[in-house]
Amino acid sequence: MPELPEVETIVRSLAPRLRGRRVVSAEYLAPRALRGTAEPPIIGHEVREVTRHGKFILLRFDHGALAIHLGMTGKLLIDGEATPYLRAEIVFDKCRLLFDDIRQFGKMAWSTKLPGGPEPFDIDGATFAKMLRARRGVVKPLLLNQGFVRGLGNIYVDEALFRAGIDPRALACNVSVARAVKLHGHIVEVLREAIERGGSSISDYVDADGQRGGFQEAHRVYGREGEPCVVCGRRVLRIVLGQRGTHYCAFCQRR
DNA sequence: ATCTATTCCTGGCTGC
DNA sequence: TGCAGCCAGGAATAGA
């Protein structure tokens, strides 16, 4: 499941391959990939840059950008093998880009307004604390809300809350300023560490060269239900919170 | 603003 | 071995 670190890894592998490349042709094999939006007017145009906005990958052209969201199982592969799950193919002058997506939660659209709160990297702890404490909801669903901060998904929210010692069911407004600042630091830290290790590959995720990430080995709570907490040794619990599997240590994380 | 439930989708599990 | 049933979940959506 591509979250910020996985998308960043993909962008870093895509950018040097696509920068300056001219689109020769494009084919959209699944109507769902474009979700009924107009075909991107990219034929004959050159990619200027490949960037990330939260979990969106942006292929930037002079006249706009193609925004791609990978959903759960989306992959962007340079010169990869076509699979039965191929949703789109963009042929460039020197390579081709395949959009592969088993579950079809991914989507692409031309020059859409990009949603979102700030990137966690773009705000400081004090600003984050102010934002967090102004909200009334439960902290985990709030962190998953892309309109609050961009880029976090289920894995990194569980990991950051564990590192910060905050119960995922805590109310945002009840988190002290000091702990909110600490949480922001841990969010930034866990995202940076995950980017360094090429993201987390739970099942499907690979970068544009088909390489898996390595950060799943460093997960402290996500996917570790029943295993001993790396800090206190008690069993990691799993509950459902906001329709999401949620992993935490009841001893190390408090409300 | 914030909550819940529902929808999308399919491979990979589980259990019989 | 086969097969039904359930599960994973990002985000949009509807309704409260």
Side-chain angles (χ1 to χ4, degrees), chain A residues 1-11 28-37 52-58 67-76 81-88 99-109 112-117 119-120 130-161 168-175 187 191 194 199-206 212-213 215-216 219 221-226 236-248:
Chain A
M1 44 204 93
E3 303 181 27
L4 187 154
E6 291 75 31
V7 175
E8 179 66 25
T9 302
I10 292 165
V11 164
Y28 307 93
L29 298 97
R32 275 189 61 81
L34 283 172
R35 294 285 153 78
T37 62
R52 182 184 59 74
H53 178 96
K55 299 178 192 173
F56 287 88
I57 294 158
L58 304 180
I68 303 166
H69 194 295
L70 299 174
M72 289 292 296
T73 54
K75 298 175 189 174
L76 285 179
E81 293 288 313
T83 73
Y85 313 108
L86 187 62
R87 308 302 175 195
F99 177 35
D100 181 280
D101 188 12
I102 291 175
R103 276 181 248 186
Q104 301 186 50
F105 285 4
K107 60 196 174 209
M108 48 208 311
T112 42
K113 278 170 230 146
L114 295 166
E119 295 269 328
K130 204 171 179 180
M131 287 167 55
L132 189 78
R133 286 162 51 78
R135 295 300 199 103
R136 218 165 299 206
V138 172
V139 68
K140 171 161 176 176
L142 179 60
L143 295 175
L144 286 173
N145 179 351
Q146 303 298 298
F148 180 67
V149 286
R150 305 198 298 256
L152 292 173
N154 210 33
I155 295 173
Y156 299 104
V157 166
D158 281 4
E159 292 297 316
L161 286 171
R169 297 163 298 182
L171 295 180
C173 57
N174 286 347
V175 178
I187 288 170
L191 293 174
S200 302
S201 289
I202 302 295
S203 54
D204 300 276
Y205 164 72
V206 290
R212 287 170 61 83
F215 194 69
Q216 63 280 1
H219 292 175
V221 285
Y222 186 86
R224 297 192 66 246
E225 180 189 9
V236 172
L237 304 181
R238 184 181 184 281
I239 58 172
V240 175
L241 183 56
Q243 291 84 241
R244 295 280 172 269
T246 298
H247 314 74
Y248 74 110

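Checking the phosphate oxygens (OP1, OP2) of C:dG10, no side-chain nitrogen or oxygen of A:H69 falls inside 4.0 Å. A sub-4.0 Å separation between OP1 or OP2 of C:dG9 and a side-chain N or O of A:Y222 is present. Considering only side-chain N and O atoms, A:K107 lies nowhere under 4.0 angstrom from the phosphate OP1 or OP2 of C:dG10.
With rounding to whole Å, A:L241 atom CG is found 12 Å from C:dG9 atom P. Following rounding to the nearest Å, A:M72 (CE) and B:dG12 (P) show an atom-to-atom distance of 14 Å. Atom CZ in A:F56 sits about 13 Å away from atom P in C:dG10, given to the nearest Å. For A:E225 and C:dA8, the CD to C1' distance is 13 Å, given to the nearest whole Å. Going from atom CZ of A:R35 over to atom C1' of C:dT13 covers 13 Å, rounded to whole Å. Counting to the nearest Å, the C1' atom of C:dA11 and the CG atom of A:L143 are 16 Å from each other.
One distance of note links NE2 of A:H219 with CD of A:E159; it measures 5.5 Å at 0.5 Å rounding. Atom CG of A:L161 sits about 8.0 Å away from atom NZ of A:K140, to the nearest 0.5 Å.
Evaluation of the side chain to side chain donor-acceptor pair (under 3.5 Å) rule for A:E6 yields A:Y156 as partners, not counting sequence neighbours.
Counting heavy atoms of neighbouring residues, nucleotides and ligands inside a 6.0 Å radius, atom CZ of A:R136 does not exceed 12 of them.
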_For nucleotides 1-10 of chain B, give me one character per nucleotide, 5' to 3': B if any protein heavy atom sits under 4.0 Å from the base, S if the only such contacts are to the sugar-phosphate, - if neither._
-SS-BB-BBB
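The closest side-chain heavy-atom distance from A:L143 to A:F148 is below 4.5 Å. Residues A:V206 and A:R212 meet the side-chain proximity criterion, which asks for heavy atoms closer than 4.5 Å.
Contact annotation for A:R238: backbone-only contact, meaning every heavy-atom pair under 4.0 Å involves sugar-phosphate atoms and none involves a base.
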